[in-house]
Each structure stands twice: as structure tokens, then as C-alpha cells.
Amino acid sequence: MAGLMAGFGNFTHAVVRGIPVSLAKEALRGKESEVDVAKARREHEAYVEVLRMRLGLEVVELPADESLPDCVFVEDAAVVCGDTALITRPGAESRRKETEAMKCALKELDLNIVEMTDETATLDGGDVLFTGREFFVGLSKRTNQRGAEILADAFKDYAVSTVPVLEGLHLKSFCSMGGPGLIVIGSSEPAQKALKTMQQMSDHRYDKLTVPDDLAANCIYMNLPNKGHVLLHCTADEFPESVKVLHSLLHMFTLPTPTLNIFATTYCPKVAPLALRNTIKTTQQGPQKDSRLFGGFILLNYQVTFLCCVSSNPNL
Amino acid sequence: MTTEAGTETEVKEKSEESAAQPDQSEKATEENQEVASAENVATEGEEKKEKDKEGKGISRFLPPWLKKQKSQSQVPGKETSPTKEAPRTQEAVAKVTEEEEGPAPAVNGHPEEVEEKEEVKLEQKRESPSKASADTQPAKEEKVEESAEKAPEEAKSTAEGEGAEEEKKEQKGEVEGEGEGETLTSIFQSPLRLVRKAKMKLVVCHVTLLDGTEFPCEVEKRAKGQYLFFKVCEHLNLLEKDYFGLTYKDNHEQRCWLDPTKEIKRQIRSNNWQFAFNVKFYPPDPSLLTEDITRYLLCLQLREDVASGRLPCSFVTHALLGSYTLQAELGDYEPEQPRPLDYISQLTFAPNQNKEMEEKILELYMSHRGMTPAQADSQFLENAKKLSMYGVDLHHAKDSEGVDIMLGVCANGLLVYKDRLRINRFAWPKILKISYKRNNFYIKIRPGEAEQFESTVGFKLPNHRSAKRLWKVCVENHSFFRLNTPEPPTKARFLTLGSKFRYSGRTQTQTRQASSLIDRPAPTFERTSSKRISRSLDGAPVISITEAGRDLASSAENGREPNLELPSDSKVQEVELSLGDVEATPTQSHGPTEPVLSQSPLRVHGDNIYVRHSNLMLEDHDKTQEEVLKHQASISQLKRSFMEAPPPSPPQPNQWEKRLTSSPATTLRIQQQQQQVVSVAQTEAAAADNTNSDTKEPGKTTEVEIEETVVIQEVSKATKPGHVTVTMAPPVTPPVQQEVREQEVKAAEEAVALEEAKAGKQESISSESESEEEAEYHPNVAASISHTQIPEEKEEEIEEEKREEDMKVENSYSTPDAASLPTVASQSAEAAAAEAEESRREEERGKKERAEEEERAEERETEESTEDPMVTPDETPNGHTLSEEGTAALVALAEEEKEPKMNGETSLAEAEPRPQVICCSEPPVVKTEMVTISDTFAAQKTEIATKEVPIVHTETKTITYEAAQLDGSADGEPGVLMTAQTITSESLCTTTTTHITKTLKGGLSETRIEKRIVITGDADIDHDQALAQAIKEAKEQHPDMSVTRVVVHKETELAEEED
């Protein structure tokens, strides 16, 4: 019988949200750049396609809301772990309402909803890194201490450590989990520093995989019932060097554990922040179950939901 | 998950490390003061036994009048542990010594001491009887198996023998507690005993157990924490006790850990003898625990932690843990049971429990069908251990900016929380030093890769008590989780001031090793229903008959006894509920006090093996010194291989052991022992005659065992400042005077002790004194024993000096008032004599008052204050005279004296070297002693014990050689005890007990090191060589000391001849 805290559990659902036209003009972003909404939508479609068809996830698609130009970045609106969903209070005022639709969707999934009502708290999901054993919360422009506390309260089983994010938007702007116990980290100084902090704060040891580009470190790892380990990452077109590094995981994981299936999904941060091109770079190695790592797959009767988010817009 | 895997790996690594130094850990394991620890029972028992022998042997030959004298050497903790052998031995020796020395060291001046001693003895006496009575089982059972071991008989007789002594003492006019005439009467008690008993002061301690029941336990008023703890463990039938501890509430309602090495009375301050049995060290991986009962107790603790909110967890986790709890306590869910929710709602699983949670719990509970209680417990633990706050001990503090934070101490290090967030973490390996000063708590951090300098992080705690408490917890956690063996309390070379508190128990490594030796059938125990956390039943319909039926059925399924025993009858209703069985009610009538466990200890016949370390047979060879020398190399090699060899632990049953094991009686006995190690040990300790105990072993084997005891007393006297030659402590600053030197000497001695400890096995040396003000601890894991430094220093101290020193002086005390009585006291956990403590405390009080005027008030508040020594450089310069020749002489002496072995005579030789040198060739040998043949005892015992056991007679001869004393301890002026320390170590073939006594006589400070080396071996070992080697080593270790006396005590047991 699997324990409650079986790391990542199994990913069954993905929640995505459409791209509003307003994204091009009104979305928050770090630097001005043209966004080709049509292209972005094509990429997003491809992305959803991968999630649904290739990965077999049940995808919950929320309609775009023109009044919420950034609503496509669903990652920030909620943090889901186990059977609990914490509806965040995004740091950007203009995004607060994004959580409403998210909350409804998650309720539908029968998750325990925890809302962040504290007016002083802010938290963007993009600052929350769940490693399977604990949380790291980046204290950034969008996330404050109070927000982190509430998160800690919502997920009492886990240690919640704070990590200062000095540069970049979110903690996950330069890092993410590449697998159980594996942190993919960018090579920039702030990224490396943050990694050090995380390593020091943790009782657990994490392997790290350093990719040349910070943005390429933003991946989505999931454990799928029928596919084994899956990593969604950027395409080689964007960050060829980083992708090479990511693909080295294939070998790494083949040794003791089932092959890692790598799916690549891409966004183009420079040109069109949200353009998601979905290119499948590698072939699937076949369904793998890793009972060593994920022993017992059933998390009681709880549905483990993966809140699959479009990678955050790095330019925001 | 990789992460988990990683962690596990770490663990493994650790264990591997530890494995790498099996010898050390072994030793440690062995000697851990917690001698009584059941796991080791065998081993330790053995050791003790041997010690006993020595002690008994020597004392036995002493004329009663001698015994009356109190010597300072007795000081070192008598009551230390239930195992009193060591102390006893020392005592005995001390007596002898005293006698020979004459008036010299006799310190009768301290009424306190006297008292203490008395009490100790009383305690001892009391123990055996209590044990007997406690065990509903007549001694007969024990005896049978006993053979190899100490039979209760022995204890009895010995105790009686002792009794005589004591009686005399009493008559002498020393009045100690008037007995509350305990009704401990048992068959075994001799009239003498009864008399003695009458003088005991007993106190009833109320210990709240993890299941919520209360266990009243009577202890002698001056008993140490250990005693009570052992009693409780015994009651619980718990062997893996190192993870647990007792807590009490101090005057400020703060929960404190009861220090096992200190008197309870001194710690609790108030007259509130209320304690709680708790998990002290949460095993990171509970699945590595050996016994289910241990896991069960851990579960109980965690349930409490979870229900109280101390261990936060999510809704789902609450539900899951609750469901496992139900499964463990109730067995499979019975569908027919009506309204299970009603029952569930009676129990508390979470601080914010609600209907929804209860439903979830039930739902999950139903899914656990088929799981045994043990499995359910395991699952419970598997989930609980992953909780982030598992095993984290939180302390309120403020950071440097005054922000409220929490400091969490855990297995991995120190965690810093702000609200619920972890904001920093200092793993043990990152921490170089832990210290506190007043209400500040500091950790010195190892510089990171990029950094050049170590940094110190400071936290403010509410008050100095909390700072100290935190510091102690850190020291203990570090030692337990990071070290292979506990740190020696004192290896100091340097003058150090402040608290020298150390963790005195076993480390996790050791306890795991010990646990691996547990070989008893799993004890049956009842999982009490969670009534301890139950709510009032009011309004709750009792789930009557139907449930009862089901309960019975289910329990039967689980292989449990139909009648669950609920230790507490406080809540009858509930009990009924949980039991669901009317029949259960009668059980309740036993009352909470009735230790169900102990009452029905499993006496299952199993292959219990008694570990005996030195079950070697001795053949004595008369050898010339040259021969001896020749063989020294081989011997040392032997030693080495010994130490390198895997822990003797996995007891390899030799023949007699096998025989033993084969007999059910043996099994019983062994179990009994394990369960009651404490009492056994004590009983044994009480035994004054070692011959007796000796007899038994050989009896079985029909082998001859010879024990040799060498007591080397090295006396260094500081007469003139100019004389001071301290080889061992180079960096002493000029201003430091006599005190310093003394300490140095001491340090040296300690070092020796350490070495020996390494060589040998033991380790349980805990230093006790703690400075209220501040203390330091250097967690240096890598170094393990010898390298780890945990010095605690006074402000005056120079840190640099310390750093220079590999070994830091941890326990040295000096008094500001040199003129009056500079006292340097150090204790070893095991041997710390009550008297010593007493006197020391008194003195320390005085010191403190002077030294610490500022915080005086505060200190007084705290109980510890009394015990915390302050070190102040003494004003009087003194020097030590060093003699090296002495040792050589000793060796020679020792050799010379060996001849009579074959006959089984023990020779007690006391050599009084002239001031500094003893000549080997012409030792001023005075044959003082008598030869005693203890046939009588032996015969008696053997007979009683077992018929299978061949009768063995032991002959003991003791010869004492004493060197002429310079100014002699003989100058009627009683010395003042400054320091007493006993360090014990054991290797396979030798046991070394070092007893360091410092006295101040006239203007002279005298440091005495008394080493007792016990060589036990079989035919393969050349005792002479071993002895010579031991003496040589001793000499090398104390180049600056002169040997004043050598006492060789040989015991030979002749089994075959007698038959």
C-alpha cells in the first residue's frame, strides 16, 4: 500500500486554459515583445494534444478569459499535491481572478480545496517547487513569506523551505524537477545559488542536472501509470545545448530504472513567449513501471491530480 | 523515489562506517553504563561479572575493620548504574588501598560522603530483594539456568556478605535514612538485609507511560535517573531502550529529560516525582528496529504527537494514520459491527478531528483487512517517519534581529523555522561547535566551499535554562545520531571550564548493534486501545455485546489473547468499549500499576545466547620476563585483531553456552536477565565475593578461569611549583597554576583512559558537570570518539588553545578559592560515586557563588546549577613529580608475582614504590595479604544452582606491594577530594578501570590514578604477558606518574580437582 507521500504519485489529469487574444497586448511580461497569438494558440494546441493523446492524461481545458490576459499560465493559480489543492493568491493584481475558474475546475476533480484568503499573502504557483518529498517556495516579486506559510499550512506533511529568488520571475523560471530526486537547474549564477540554498535546506539529497539555459530548466516531469517517467521540455530548436543535456537523462535513467520517456514540448521565449510548439523529440520507450521508486501506485482512493500548466512565460 | 533512496544510502553509509570500527562500537556497546541494557546483557553481564569478581575478590579478603574505613576512592559513582560492580570494585580496592596506605587518603571528613555511601549500599541491598519479589518467580527458576551466569543465589549470598560489612558500618554509627520499612521482604532476605532496608528512604515515582497509564515505581531517594528508567523499561519489557527516556517538568513547566547519570532528586527540584516515559530519539527508519514492541511504543508516542498537534500532518495523513491505529488496536474491521463511527469518534486521532475525518479513517480502516497489528504499526511508522516534523524537537528562540523563530533539533542537524517555514538548516557535519552562554545559543559553522572563515550563528533563547536545554538536546542528538560511540566525557588535556555534559547513553549505531543481538522470542504485549486519547464516553452508546463478540473473534484472529489487558482502569467505560468484552473488566482490576508485560514475560524457549566476551580459559605459564617480552608483540597483535574483529556481539556460543541454551531453564534465565538486567546487575554488584560468581562459570565448563587484577596506583604529587613537569599538556599557560596542572594530569589520565577505552570496549563515560553559564560542544563526527571534541569552556578560557589541542579538557573543575579546597572533579558516568557527586556539588556550590556572582540567583534556581562546576585557576602553584621507572618496576613486580597461579591462588601484591621509582629487581615487597579459599561459597552455590554444574572452587590470593611513600598519604592529614573519576574500558582480554582521584592535602595536590586491569583469558593467553603489557601501557600512558602500588590479584578456579 502506497503511503500518502509517495512522491509525485501518478499523474492523471491536466488542467490547461486557452489563450486569450488579450495575451498579445495586455499580458504582463518582462520585456516588450511581439506575441503572435495565432502561433501561440497553435503551439498550445499541440501541447494539449501531447498531454491528451500521447500521455493519455485527462485534460481539463478551461476557456480563455479575455479579461485575464495571463490566464493561460495556469500553473500560478493553484498548487496541487496529493488530494489537496491550494488556490493561490497571485502576486500580480491583474491575475487574482484567474483562480476562480481554477477553483471550480479543481473542485470538479474532487480535490480538497484550500483557499488563500489572507489579504497579505501572495503566492504564485510558479514559485513552488515540489520535489516529491518537500516544497521549496521561492520568495520572489510575486510570492511573499505569508504566502509560503499558508502553503506550509495546507501541506502539513511536507517541509516547506523558502528560497530567495533574486533574479527572474519565479523560482521555476530556472529550475524544475527532472525526475524523482533530480533537479534540473539553469547555469546562471542566481540559479546555482538558489540550488545551493535548496540543497542546504533539505534533508534529502538531490541530484542535479545543470542545463546551459535557465529557461530550458523549466520542464515538466510526470510519472504516468502507463508510460513511466515522462519529461516535457523545450525543443532542440530553442535550446539545443540544453536539450542535449536533458537527453542525457535517457541514459542516466536507463541504468537502474526504467527508461525515461522524453517528450519535448517547446515554447519560444524570445519571439513569442507563449508559442508552444509541440515537437516530439524522442520515441517512447514503452510503458514502464518503476515499482522501486513508486511502489504501490494507488494512492488510497485519492485521485492524484497533476495540474499541468503551461510553462510560465519567462518574459513576464 | 530517488530522494528516499538517497537517504537510505546515507544511512547505510553510516552503518558501514560504524562497521568499519566494530571494535570501538563494540567496546562502547559493552561498557555503556547502561550495562543493564538487555541486548547486551550477555556481554555486559559478563563484563560486570568479571568486575564483580575483582571487586569481590579483593574486598573479600579485607578484614571487616578495613572495610569500615571510607576512602575517597569510593567516591566515584557507586550508584551510577544498576550495575554496581564497577563501583563496588573500586570501593573494594579503595579500601584495600587505604588500608595499606594507612591513614593517608582516608577522607572521612565528609559526612556527606559517608551518607552517600551508605545509601548506595542500601540501594543495592534493596534491589536484589525487590527484584526477587517483583518477579513473581522464585529464584529457583533463575538459578537453574543461571549456572553460567550469576545466580540469584550468588547475589543473595554475596549481598549478605556485603550486608555484614554494611552492617558494621552502620553500627559504626552512621545514620542514614530510617527505613520506611519497605515490605520488600522476601525469602532471600537475610535478617541483615531487613535491618538495612529499614533504613532506606524510598520514594514513589509516578511514570506516565506512552499508553497513558501510570506506572508507580519505588526508588531509593537518591537513585539516579537510570535506575528509574531501567525499572520502567523492565516494566515495559523493552530492550531497545536507547531511543527512549524519561522526562519531568521543571519548575517552569518545561519538559526536561531526566539525566540518567544524575540523581533524580537533584534534577526534579521540586518534590514532584512525576515523570513521563517518552521517545527521546526518533529512529529515522523505524523498520530497522528489531522488535515489534519497540515499534509499538514508538507508535504510541507518535499517536500522541499527532493527536496533540506536535507532529503536524495533513487531513489525509491523519486519516491514514488513524486507520492504521485502528487496525493495530482492533484488528480487522468487522462489517457486522454497528455504528463503528461512534466508536471511532471516541478516539482522538487529530487535534481538529471531525466527522469527515472519522469517516475517512473508517473507510481506510476497512481497507486494511488482513493486516496484522505489527504490520499496521509498521505502516503507521512508514508514513509517520516521512512527515517533515518527525523527530524534530522544537525550541523557541529569536534570531539576531529579535525575530521569533523556532529551532528544531533532529537526527540530521539543526533546523531553523520561522512560523511554519524552514528558513535554514544546519546539518551536523556543517556544525563545528555548539555552545551556549547565558541565554545565547551559538553554533559555529564550517566554512563552505567558497568561504574562508567559519562563521558563528547566534540565537537568543528565552533564558539560560532554555539555552542550556537546547544545547543539551543538541549534544545528545548529535552524539546519538552522528557518532559511533558516545564521546568520552573527558579527554581533556586542557583546562576547560564549564559544563561537560555529554550524552551518556548508547549511540544509534551502538544500539542497532546491540539490537541485532536481541535474541528472544518476540515478547507478547497488548496493544491497548487508544483510550489514552479517548474522549469521554458520555452519550456514546456502548457498543456492547455484539462488539464484544466481534472483538473476541478479531483478536483471536490476530493471535492475540482474548483478554486484552488495559492497564488503566481509570476509564472503565471506555475500556469496555474498546475491549468490547465484559471479560476484560476483570483484567482491569489489576490496576494500572500491574505491569501486564512484566507479569507475563514470555518465557519461551528459544535459542538465547548469552554473550560472553571473555570466556576464555586460562592456563598460567610461568614465564620469565624475557619470554613475556617476546610474547608481547603477539599479544598486542592479538589485541589488535580483537579490536578489529567484528563486534564480539554475535555471541558465539561456546560449549557451555550451548549447553546453556539447550536447557529451557537457561532460556528462562536469560530472558529474565534481559528483562531485569538492572536488578540482576545490581544484585550481582551486591555480591561481595567474586569467588562465588567465578565459581559458577567454571563450574559449568569445568574449565579453569583465572582472573588477574592489577591495580596500579600512580601518585603524582605536587609539592613545589618548580617540580611541575607536565608532559601531557604542553600549551599550558604560565599563569595557570596548580589547578591547571592537575587538570593536565588529569587530562593525561583521561587520555589514557580513552586509549584504553578504544582498546577495550567500553565507553560510557559521561561527564556530568555542566556550567549553567555556558558550554561548548564540538561535534566532530569524523573523528568519532577520540576526535570528537565537546569541550565546554568558561569565558576565561582561550579558545585557541583548545583548538590546538586535539583533546580537549572537558571535565575539569577548579575552584577559585585555591586556599580552601580546589576541587577538580570529574566523573565517569558509570563509576561516579554518589559521594563524589555530593561533595563536589557542595564544593561547586561554593565555587559558583564566588565565581559567578552575577548569575548566582539564576543558577540556584536551576537544579543543575549545583552541579555545574566552575573552573577557576588555582592560585597555588604546584608541581608534579614524575617517575617513569615505576612502571617498569610494576611490570616486573607483576611478573614476579605470578607464580602461584597454577594453584589458583590469587596474589594481591601491593607495591609501594618509593616516591618515584620502583625497582623491578628488588621490589620492596611486603607480603601482606592472606590467601583465602572460598570453597565454601563455591560449593554452596554450585549446588544450589544446578546439578549439572560441576563444583568449582576458587582460590584467590592477593598480594600487595607498596612503594614507600614520600610524604605519604600516611600523614594523618586527610586529603580533600578534588576529583574522582573512573573510566572503564574493556577489550576482550583485558578490562581496565581507571580511577582518578585528586586530593588536596596540606598544600599538596595529589593525583592518584588507580588502574585496575583485569585480564581474563583462556589457555591461549599468556597472562603474564598480558599483564606486563598492560602495565607497560599504563606506564606509557602516564609517564609523569609514579607507581606506588601494585596489587596483583589472581584468581584461579579449580573445577576438576575439587570434584
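Every heavy atom of this structure was used, including side-chain atoms; hydrogens, water molecules and symmetry mates were not. Note on naming: letters A, B, ... go to the chains in the order of the sequence lines (proteins, then strands), and numbering restarts at 1 for each one.
For the atom pair B:Thr317 OG1 and A:Tyr158 OH, the distance stands at 7.0 Å (nearest 0.5 Å). The line from CZ of B:Phe315 to OG1 of A:Thr84 is 9.0 Å long, rounded to the nearest 0.5 Å.
Scanning both residues, A:Ala152 and B:Leu421, for their nearest heavy atoms gives CB-CD2, 3.8 Å. In this structure, B:Asn424 and A:Met201 approach most closely via the heavy-atom pair CA-SD, 3.4 Å. Heavy-atom minimum distance, A:Ala159 versus B:Ser388: N-CB, 3.0 Å.
Ranking B:Glu382, B:Lys430, B:Arg420 against chain A, the residue ahead of the rest is B:Arg420, based on heavy-atom pairs under 4.5 Å.
Under a cut-off of 6.0 angstrom, the local environment of NZ in A:Lys196 is sparse, with at most 12 non-hydrogen atoms contributed by other residues, nucleotides or ligands. Within a 6.0 Å sphere centred on NZ of A:Lys193, heavy atoms belonging to other residues, nucleotides or ligands number 12 at most.
Contact check on A:Asp157 versus B:Lys386 returns no salt bridge, with no Lys/Arg side-chain nitrogen under 4.0 Å from an Asp/Glu carboxylate oxygen. A salt bridge links B:Arg422 and A:Asp203; the closest N-O separation between the charged side-chain nitrogens and carboxylate oxygens is under 4.0 Å.
Here the side chain of B:Arg425 pairs a donor or acceptor atom with the backbone of A:Gln200 at under 3.5 angstrom.
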| query | Could you walk me through whether A:Lys156 and B:Met389 pass the side chain to side chain contact (heavy atoms under 4.5 Å, CB included) check? | reply | CA-CA 9 Å; A:Lys156 291 202 186 74; B:Met389 297 305 283; over 6 Å; no
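Only the side chain of B:Leu415 comes within contact range of chain A, with at least one heavy atom under 4.5 Å from a heavy atom of that chain.
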